[in-house]
Enquirer: 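Below you will find the structure I want to go over with you.
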Amino acid sequence: DLTLLKSVRPATGFVRRAEEAPPDETLFVKLSPFLLLFALLLTVVVVLAKHSASDFLYVLTAILCPSIPVTALLCFALPYCLGSLRIFSSGAAIAGWSGVSDIGRSENLIVTDRDLFPEGSVEIESVRIFADAPAEKIISYAGTMITASGSGIANCFGDLMQKNGGAMRRVENFEYLSGGGMKGIINGETVLCGSTDLMRLMNVRIPFRLVTRTSVLLAIDGVLYGIFNMQYKPLPQVRAALVGLIRSNRHPVFAIRDFNISPETLHTIFDVATDGYDFPPYVERFAISEAKPARESRIAAVICREGLGPLVHMADTGRSIFVATRVNLLAAVLAAVVSMAAVFALLLASGYVSAGVLLLLMLVWTLPAVAVSLFLRF
């Protein structure tokens, strides 16, 4: 299945994809021979029925006129225009029909730490250092482990190290642990950094009255040395995106590196139901979040703002454009066939059809495309 993966990368190829042929052009290029044969057949029938071989060119022209209806020009252009205007407010753009097609057919969407908690929405609420350990050492160890994990809270610990004179240390034998955390060796000492669940699994004694559901704990050689209580601020736009994501038909995969973030935590922070959320095991999340676009993978859209809101807004709008375009294409093909048949019937009945009638047929068949494009949810 196609998967939407947001990554920091150059926008190379975006303009070229945006300039690729729209689906209406491709469709009617393929249908043109069949429509021409159909028009020729109807023309022969009219000419033979009216015994007017001299009117062959006139009849053929009249029947061919609505074979490429005006609505064909609106099939993709109108919903794409409306959708692009809509996502422009989110700092996003989709790469033409090629990008719309990829987004519309995608089944999965990968959610990462910065999508849920952009910069500034997480902070360290309190810090506790135990066993008379140097604060600079414990903070440096914690910051080093968190930064090495690539978690979304790395910036918080980077700021904490800067304020307390800490520095990054060299980590050896770094590994992720299934309990929710990391393990490594710094200066010959075995360092554990993770959640209360991990410390419990590793038989590290914890003062439970001092920890919360979102605490980051640091242990050295099996002894707890630091507790960092984190505070997560729920952004309204992220909450709205989570609600919209669960209502969509797309499968969200939460590849969150922050071991504190779980379905229960999201439910508590954002007050949303998380029954349909897919949280892979902690170790597997790193492989998913580290995934890079394949060589054959092409850019579908650009997003210039952080947070889950712009991502979900762009994905939902892209799917709406995709559905609207396909409905409009069906209506355009139906308009071509029905209009040609209507002109054929008029010619058989009266032997004449006016330019006003042809124009009216064209305009009437634009109404379905306008209605679908305006009223489909963007």
Side-chain angles (χ1 to χ4, degrees), residues 1-2 4 13-42 60-88 92-107 248-250 298-301 313-345 357-378:
D1 295 335
L2 284 176
L4 294 182
F14 179 87
V15 174
R16 185 177 296 275
R17 294 204 79 191
E19 294 175 344
E20 293 179 2
D24 43 18
E25 178 181 332
T26 304
L27 176 63
F28 277 92
V29 165
K30 294 179 180 178
L31 288 179
S32 293
F34 301 99
L35 293 173
L36 180 59
L37 290 176
F38 184 50
L40 286 172
L41 177 62
L42 296 181
L60 178 61
T61 303
I63 293 177
L64 274 178
C65 184
S67 62
I68 307 292
V70 173
T71 188
L73 302 176
L74 303 177
C75 288
F76 170 67
L78 184 57
Y80 181 71
C81 175
L82 296 175
S84 297
L85 291 174
R86 182 79 176 189
I87 62 175
F88 183 77
I94 301 177
W97 169 248
S98 297
V100 168
S101 179
D102 288 345
I103 295 170
R105 293 183 293 112
S106 64
E107 299 293 335
S248 67
N249 295 324
R250 194 174 276 110
R298 298 188 295 173
I299 186 170
H313 190 197
M314 181 278 300
D316 287 347
T317 302
R319 174 164 287 179
S320 295
I321 298 173
F322 179 73
V323 173
T325 302
R326 298 183 73 176
V327 173
N328 288 343
L329 287 174
L330 180 61
V333 174
L334 185 63
V337 175
V338 172
S339 297
M340 291 172 70
V343 173
F344 168 73
V357 171
L358 294 176
L359 179 61
L360 181 62
L361 280 174
M362 294 279 196
L363 295 178
V364 166
W365 279 104
T366 62
L367 297 180
V370 173
V372 169
S373 302
L374 288 177
F375 295 105
L376 197 67
R377 181 176 64 89
F378 284 120

Enquirer: To the nearest 0.5 angstrom, please state how far the OG atom of S320 sits from the CD1 atom of I87.
Expert: 11.0 Å
Enquirer: Is the side chain of R86 donor-acceptor paired with the backbone N or O of H313 at a distance under 3.5 Å, no angle test?
Expert: no
Enquirer: Go through the structure and list residues passing ring-ring contact (aromatic ring centres under 6.0 Å, His included) with F322, not counting sequence neighbours.
Expert: W97
Enquirer: Do S84 side-chain atoms and C81 backbone N/O form a donor-acceptor pair below 3.5 Å?
Expert: no
Enquirer: Going by the rule side-chain contact (heavy atoms from CB on, under 4.5 Å), which residues pair with L60 if we only count those two or more places apart in sequence or in a different chain?
Expert: A39, L40, T43, F56, L64
Enquirer: Could you report the tightest heavy-atom contact between A72 and F28, atom names first, then the distance?
Expert: CB-CE1, 3.6 Å
Enquirer: Which distance, rounded to the nearest 0.5 Å, do you find between the OG1 of T71 and the CG of D24?
Expert: 9.5 Å
Enquirer: Considering non-hydrogen atoms only, spot the tightest contact between P66 and V343 and give its length.
Expert: CG-CG2, 4.0 Å
Enquirer: Looking only at heavy atoms, which two atoms of S106 and R250 are closest? And how far apart?
Expert: OG-NE, 3.2 Å
Enquirer: Taking salt bridge (Lys or Arg N to Asp or Glu O under 4.0 Å) as the test, write out the residues that go with E25, two or more places apart.
Expert: none
Enquirer: Below 3.5 Å, can you tabulate the donor-acceptor pairs from side chains in residues 325-342 to any protein atom, sequence neighbours excluded?
Expert:
unit_1: T325; atom_1: OG1; unit_2: I321; atom_2: O; d: 2.7
unit_1: N328; atom_1: ND2; unit_2: C75; atom_2: O; d: 3.1
unit_1: N328; atom_1: ND2; unit_2: A324; atom_2: O; d: 3.3
unit_1: N328; atom_1: ND2; unit_2: S373; atom_2: OG; d: 3.4
unit_1: S339; atom_1: OG; unit_2: A335; atom_2: O; d: 2.7
unit_1: S339; atom_1: OG; unit_2: W365; atom_2: NE1; d: 3.3

Enquirer: Please report the closest heavy-atom contact between A62 and L358, naming both atoms and the distance.
Expert: O-CD2, 3.9 Å
Enquirer: Tell me every residue that passes salt bridge (Lys or Arg N to Asp or Glu O under 4.0 Å) with D102, counting only those two or more places apart in sequence or in another chain.
Expert: R17, R105
Enquirer: Which atom names give the shortest non-hydrogen contact between A93 and F14, and what distance separates them?
Expert: O-CE1, 3.7 Å
Enquirer: Roughly how far, to the nearest 0.5 Å, is the CD1 atom of I103 from the OG1 atom of T317?
Expert: 9.0 Å
Enquirer: Can you name the nearest heavy-atom pair linking A21 to T26, along with the distance?
Expert: CB-OG1, 4.0 Å
Enquirer: To the closest 0.5 Å, what do you measure between CD1 (I68) and CG (L73)?
Expert: 9.5 Å
Enquirer: Please report the C-alpha distance between L41 and L37 in whole Å, then the side-chain angles of each, then the deciding distance to 0.1 Å, and finally whether the side chain to side chain contact (heavy atoms under 4.5 Å, CB included) criterion is met.
Expert: CA-CA 6 Å; L41 177 62; L37 290 176; over 6 Å; no
Enquirer: Sequence neighbours left out, what passes side chain to side chain donor-acceptor pair (under 3.5 Å) with S98? Give chain and number order.
Expert: E20
